[in-house]
Amino acid sequence: MSYARISLRGNVFQEDFPAWIKRHSDKLGLEGLTVWRESEFLVIEANGLEPMLQALALGCSLGPGSVLVETYDVRISNQP
């Protein structure tokens with residue numbers, strides 16, 4: 001099991017985005033999802049298989065129509 005920290009920047013603070021992230025995380029079988037605002041970033045942490053964490057990062061970078069992600073960073077490791 002791996003751990004990911006995903007940071008998104010842009011127009012990412014829409015009310016529907018955290019629920020959208022949760023739905024996609026659930027579909028990917030990820031655990032321990034947390035989402036919070038840190039300054040100008042929306043930060044996501046989750047645990048799961050590395051390919052599924054990569055899929056979450058890619059999905060979040062595209063987001064729903066209500067958001068516009070300008071930049072994102074994903075860091076995956078074996079330890080939180």
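Just so you know, these numbers use all the heavy atoms, side chains as well, and skip hydrogens, waters and symmetry mates. Remember, predicted model here, so these are calculated numbers, not experimental data.
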query = Pairs in or reaching into residues 2-12: which pass salt bridge (charged side-chain N to carboxylate O under 4.0 Å, His left out), with residues at least two apart or in two chains?
reply = Arg5-Glu38, Arg5-Glu45, Arg9-Glu40

So, for [X] and [Y], which heavy atoms are closest and what is the spacing to 0.1 Å?
X: Gly32; Y: Asn47; answer: CA-ND2, 4.2 Å
X: Phe17; Y: Leu8; answer: CE2-CD1, 3.7 Å
X: Ile76; Y: Ala4; answer: CG1-CB, 3.9 Å
X: Leu56; Y: Ile21; answer: CD1-O, 4.2 Å

request  = State which residues pass side-chain hydrogen bond (donor to acceptor under 3.5 Å, both in side chains) with Gln54; sequence neighbours excluded, sorted by chain then number.
outcome  = none

side-chain hydrogen bond (donor to acceptor under 3.5 Å, both in side chains) involving Lys27 - partner list, sequence neighbours excluded = none

query = Listed by chain and number, what are the salt bridge (charged side-chain N to carboxylate O under 4.0 Å, His left out) partners of Asp73, not counting sequence neighbours?
reply = Arg75

ask   = Residues two or more places apart in sequence or in another chain: which of them pass salt bridge (charged side-chain N to carboxylate O under 4.0 Å, His left out) with Arg37?
value = none

request  = Look up atom CG in Leu33 and atom CG in Leu28, then write down how far apart they are to the nearest 0.5 Å.
outcome  = 10.5 Å

ask   = Rounded to the nearest 0.5 Å, how far apart are CZ of Phe41 and CZ of Phe13?
value = 9.0 Å

key: Val35-Tyr3 co-clustered via ILVMFWY side chain contacts under 4.5 Å   = no

task = Check the hydrophobic clustering (I, L, V, M, F, W, Y; side-chain heavy atoms under 4.5 Å; chains of links allowed) and say if Leu49 and Met1 are grouped together.
result = no

If you look only at distance, which donor and acceptor atoms sit under 3.5 Å apart when one is on a side chain in residues 60-69 and the other is two or more places apart or in another chain?
from, atom 1, to, atom 2, distance (Å)
Ser61, OG, Leu58, O, 2.6
Ser66, OG, Asp16, OD1, 2.8
Ser66, OG, Asp16, OD2, 2.9

